[in-house]
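Worksheet: the structure to be examined is printed underneath.
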Amino acid sequence: MPKDAITTRAADYNQWYLDIVREADLAEVAEVVRGCIVVKATGWAIWELMQRELDDRIKATGHANVQFPLLVPKSFIMKEADHVEGFAPEVAEVTRAGGEELTEPYVIRPTSETIIGYFYSRWIRSYRDLPLLYNQWCNVMRWELRTRPFLRTAEFWWQEGHTAHANEADAEAETLKILHEVYADFVEEVMAVPVIRGLKTEKEKFPGALRSYCIEAMMQDGRALQSGTSHNLGQNFAKAFDITYTDQNNTVQHCWTTSWGVSTRLIGALIMTHSDDEGLVLPPRLAPIQVVVVPIYKNDTERTTVMAAVETLTASWKGRLRFRVDDRDNLSPGYKFNEWEIKGVPLRVEVGPKDVAKGSVALARRDIPGREGKRFVPQAGLTAHLLELLAEMQTALFQRALAFRAERSAHVSTYDELRQQVERGFAWAYWDGTVEDEKRIQDETRATIRCIPLDQPSEVGRCVYTGRETSQMVVFSRAY
RNA sequence: CGGGGCGUGGCUCAGCCCGGUAGAGCACCGCGUUUGGGACGCGGGGGUCGUGGGUUCAAAUCCCUCCGCCCCGACCA
């Protein structure tokens with residue numbers, strides 16, 4: 001394998017990203033299906049680990065999993081005005097089946113608010129049926145014009161939660177609970193990716209929502225990646241689909257609904273937050289293989305001794321560590337070192353004849369690439385040491401990402417400063433402009449308001465664009 | 001969807017301008033020597049040159065169609 005298989009970030013950030021996806025064997029562009037990818041074994045293993053962590057949190061907050069159909073009657077999509085406008089351009093339709101034209105075409109779900117709304121209207125009768133708290137794990141399709149593996153593909157995999165509540169306060173509480181207890185908690189604790197929790201502006205909110213909340217992360221090129229959204233849909237979908245209930249006073253009321261989702265895009269966020277020019281870097285909690293063992297030997301005698309030592313060493317790992325012993329006989333150790341580095345395995349243990357003699361192993365950590373991250377440690381107490389190191393790396397990656405974001409963030413008070421700051425990262429600014437102002441800024445700077453952070457300053461300042469006095473602080477950035 | 005670039009063994013590409021026997025490196029298979037940071041020798045297998053059409057005695061090469069990919073913009077989880 002050529003040494004220059006991965007373009008450096010400095011040379012071409014986009015190409016670097018594509019190289020990582022390919023070299024780490026996460027996914028492949030499915031050339032025969034426009035805009036789609038094949039998620040390969042390693043990529044899917046990461047997604048499964050993500051799913052498990054998210055699913056635990058979704059259930060811990062009282063939700064149950066269900067599955068709705070892939071196909072949605074086209075008329076359903078048309079029922080909520082803003083929703084139609086938002087999604088119409090990117091839906092794929094099924095117009096023929098069973099060898100005949102369908103009387104009503106189906107769309108392949110771009111999201112399931114409408115079909116779920118239809119069924120909720122049949123299921124909900126009384127306030128006693130509320131709240132209704134369901135989630136589904138599925139694939140969806142949006143016919144995107146420009147696609148990139150994980151970040152934007154025509155088909156992607158996600159979870160979409162859909163809940164119905166008796167009143168606005170309950171729906172709002174649900175929306176925020178998901179944002180904090182499920183999404184932000186998962187992304188920061190498990191992915192080691194720091195996020196800003198915020199509210200979307202009118203311009204950026206979900207089509208059909210009353211309010212959209214989001215978590216925004218900063219990638220290593222300073223651009224923002226929306227990593228999760230949670231929407232308070234108000235009564236918009238309830239009205240479009242007649243989702244009503246009878247309250248304690250025997251009055252018929254429209255429900256308040258929410259929807260929220262995170263997708264395989266998170267894998268893109270993971271790559272672009274932690275990885276380096278050597279390859280993928282995975283936080284230990286999401287690494288399908290946390291420790292790889294590379295045995296080193298020159299002949300069969302050495303092989304036997306070394307493999308016996310490896311067997312003893314790893315005996316207590318089962319169930320405590322996700323590990324693999326790389327006993328492939330046709331590749332040199334050096335090749336394996338590089339391969340596992342490219343694939344982002346957090347820790348590598350090398351066991352050779354000298355180690356067997358000295359009771360040591362060589363231990364390399366991925367967040368410090370090359371020989372620098374390598375040291376010799378005693379075999380005694382190795383398991384505990386590995387577990388400690390994994391925990392330490394998890395924290396170190398988060399801290400490193402946090403420091404990077406801080407370094408690339410700045411408060412700006414003039415439009416000129418804003419223009420300059422969005423070239424390198426997040427620009428925090430007081431804001432009291434209109435949707436039109438926001439569009440104009442996007443035209444001029446290619447940056448948008450990523451969110452209105454939930455933590456707002458107590459002081460007032462002057463709007464970076466209009467100069468009006470305001471207490472509202474927003475974050476501008478270029479985004480994926 | 002606009003502008004630009006590109007489709008040739010699995011991968012990266014040469015060949016195309018100027019039509020005439022499909023090539024290289026890496027990867028793969030076999031044997032042997034190797035193995036603590038991307039090993040080496042010898043032998044071997046593998047390509048309807050993206051698709052469809054046209055021109056020609058003859059097309060990877062020239063012309064048209066469609067499909068796909070990459071980059072830059074506009075739109076989006």
Side-chain angles (χ1 to χ4, degrees), chain A residues 1-7 12-15 17-19 22-23 28-36 85-91 110-111 140-160 183 200 203-207 212 214-216 224-231 259-269 278-279 294-300 302-303 306 328-342 348-356 358 360-362 364 369-374 376 439 442-443 446 448 479-480:
Chain A
M1 191 177 295
K3 183 77 175 124
D4 57 353
I6 298 172
T7 308
D12 185 343
Y13 193 80
N14 288 331
Q15 190 56 49
Y17 176 80
L18 294 168
D19 289 347
R22 172 173 39 81
E23 292 298 318
E28 187 170 318
V29 171
E31 294 185 7
V32 289
V33 189
R34 185 197 186 117
C36 291
E85 204 183 323
F87 282 105
E90 54 188 54
V91 295
T111 177
V140 291
M141 177 159 276
R142 298 178 188 176
W143 211 248
E144 298 291 349
L145 303 175
R146 192 171 163 195
T147 58
R148 314 213 300 143
F150 298 119
L151 296 175
R152 177 164 299 104
T153 47
E155 179 187 26
F156 58 92
W157 294 267
W158 75 347
Q159 57 69 217
E160 46 177 325
Y183 294 162
K200 282 295 183 192
K203 176 174 167 295
E204 298 284 325
K205 73 176 187 185
F206 178 77
S212 290
C214 64
I215 49 174
E216 295 282 332
L225 183 73
Q226 178 175 306
S227 307
T229 46
S230 184
H231 315 289
S259 71
W260 28 274
V262 293
S263 71
T264 38
R265 168 180 260 200
L266 288 175
I267 298 174
E278 312 302 319
V294 179
I296 295 154
Y297 46 81
K298 286 186 172 47
N299 50 51
D300 279 352
E302 283 186 1
R303 182 174 198 279
V306 166
R328 290 175 297 176
D329 213 9
N330 58 329
L331 299 170
S332 69
Y335 183 92
K336 292 176 183 175
F337 299 165
N338 286 290
E339 177 174 328
W340 294 116
E341 219 159 74
I342 287 171
R348 184 181 68 244
V349 171
E350 306 168 18
V351 185
K354 292 175 202 165
D355 295 306
V356 175
K358 291 189 298 187
S360 64
V361 297
R371 289 199 176 93
E372 292 72 35
K374 190 154 134 178
F376 289 89
K439 282 180 180 155
Q442 181 175 6
D443 287 343
R446 288 167 55 204
T448 49
Y480 277 95

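In what follows, every chain begins at residue 1, and chains take the letters A, B, ... in the order their sequences are listed.
Between A:Cys36 and A:Asn299, the one whose closest nucleotide on RNA chain B sits nearer the 5' end is A:Asn299. Of the two residues near RNA chain B, A:Thr229 and A:Arg146, the one whose nearest nucleotide lies more 5' is A:Arg146.
For the pair A:Arg265 and A:Phe156, the cation-pi test (distance below 6.0 Å, angle within 45°) is failed. For the pair A:Lys358 and A:Phe376, the cation sits on the ring face: its NZ or CZ lies under 6.0 Å from the ring centre, inside 45° of the axis.
Set against B:rG37, B:rC69, B:rC71, the side chain of A:Asn14 has B:rC71 as its closest nucleotide. If you check B:rC71, B:rA77, B:rC69 against the side chain of A:Val29, the one that comes closest is B:rC69. Distances from the side chain of A:Lys298 to the nucleotides B:rU35, B:rG36, B:rG37 place B:rU35 closest. Picking from B:rU35, B:rA77, B:rG38 the nucleotide with the shortest atom distance to the side chain of A:Ile342 gives B:rG38. Of the candidates B:rG68, B:rG38, B:rA77, B:rG38 carries the atom nearest the A:Asn338 side chain, counting heavy atoms from C-beta on. The side chain of A:Phe156 has B:rA77 as its nearest neighbour among B:rA77, B:rG36, B:rG73. Side-chain proximity of A:Ser332 to B:rC76, B:rC70, B:rG38: nearest is B:rG38.
For the residue pair A:Asn330/A:Tyr335, the side-chain donor-acceptor check at 3.5 Å is not satisfied. In this structure, a donor-acceptor pair under 3.5 Å is present between the side chains of A:Thr7 and A:Asp19. For A:His231 and A:Ser259, the side-chain atoms include no donor-acceptor pair closer than 3.5 Å.
If you take CE of A:Met141 and P of B:rA77, they are 17 Å apart, rounded to a whole angstrom. With rounding to whole Å, A:Phe206 atom CZ is found 10 Å from B:rA77 atom C1'. B:rA74 atom P lies 15 Å from atom CD of A:Glu144, rounded to whole Å. Atom CG in A:Leu18 sits about 12 Å away from atom P in B:rU12, given to the nearest Å. Protein atom CZ of A:Arg148 is 15 Å distant from nucleotide atom C1' of B:rC75, rounded to whole Å. Rounded to whole Å, atom P of B:rC69 lies 15 Å from atom CZ of A:Arg152. Rounded to a whole Å, the CD1 atom of A:Ile296 is 7 Å from the P atom of B:rG37. Summarising the geometry, the separation between CD on A:Glu23 and C1' on B:rU12 is reported as 11 Å, rounded to the nearest angstrom.
Searching all strands for a Watson-Crick or G-U wobble partner of B:rG25 with both distances below 3.5 Å returns B:rC11. In this structure, B:rU48 forms no base pair with any nucleotide, since neither Watson-Crick nor G-U wobble geometry is met with both distances under 3.5 Å. Nucleotide B:rC6: paired with B:rG68 (Watson-Crick or G-U wobble, both distances less than 3.5 Å). Of the nucleotides present, none pairs with B:rC76 by Watson-Crick or G-U wobble criteria with both distances under 3.5 Å. If you check B:rC31 for Watson-Crick or wobble pairing at under 3.5 angstrom, you find it paired to B:rG41.
Among the atoms of the strands shown, none is found under 4.0 Å from any heavy atom of A:Arg22. Residue contacts for A:Arg34: at a heavy-atom cut-off of 4.0 Å it reaches the sugar-phosphate backbone alone, with no base atom in range. Heavy atoms of A:Gly261 sit nowhere under 4.0 angstrom from any nucleic acid atom. Among the atoms of the strands shown, only primed sugar atoms or phosphate atoms (P, OP1, OP2) are found under 4.0 Å from some heavy atom of A:Gly35. Heavy atoms of A:Ser230 sit nowhere under 4.0 angstrom from any nucleic acid atom. Within the nucleic acid shown, A:Glu372 has no heavy atom closer than 4.0 Å to any nucleic acid atom.
Using P as the reference atom, B:rG36 and B:rG45 are 32 Å apart when rounded to the nearest Å. One P atom belongs to B:rG15, the other to B:rA58, and the distance between them is 26 Å to the nearest Å. Across the P atoms, B:rC71 and B:rC28 are found 28 Å apart, a figure rounded to whole Å. Distance noted for atom C1' between B:rG38 and B:rC1: 43 Å (whole Å). With C1' as the reference atom, B:rC76 and B:rU12 are 33 Å apart, rounded to whole Å. Distance noted for atom C1' between B:rA59 and B:rC49: 11 Å (whole Å). Distance check on atom C1': B:rG47 versus B:rC57 gives 26 Å, rounded to whole Å. Comparing the same atom, C1', in B:rA27 and in B:rC63 gives a spacing of 37 Å after rounding to whole Å.
Summarising the geometry, atom OG1 belonging to A:Thr111 is positioned 4.5 Å from atom CD belonging to A:Glu160; distances are rounded to the nearest 0.5 Å.
Applying the 6.0 Å contact sphere to CG of A:Asp300 captures no more than 12 heavy atoms from other residues, nucleotides or ligands.
Considering only side-chain N and O atoms, A:Gln226 lies nowhere under 4.0 angstrom from the phosphate OP1 or OP2 of B:rC76.
Checked by distance alone, A:Glu341 brings a side-chain donor or acceptor within 3.5 Å of a matching partner on the base of B:rG37. Residue side chain A:Arg371 does not reach the base of B:rG36 through any donor-acceptor N/O pair under 3.5 Å, judged by distance alone. Put simply, the side chain of A:Lys336 and the base of B:rG37 share no donor and acceptor less than 3.5 Å apart.
Looking at heavy atoms from C-beta onward, A:Ser263 lies out of side-chain contact with A:Trp157 at the 4.5 angstrom threshold.
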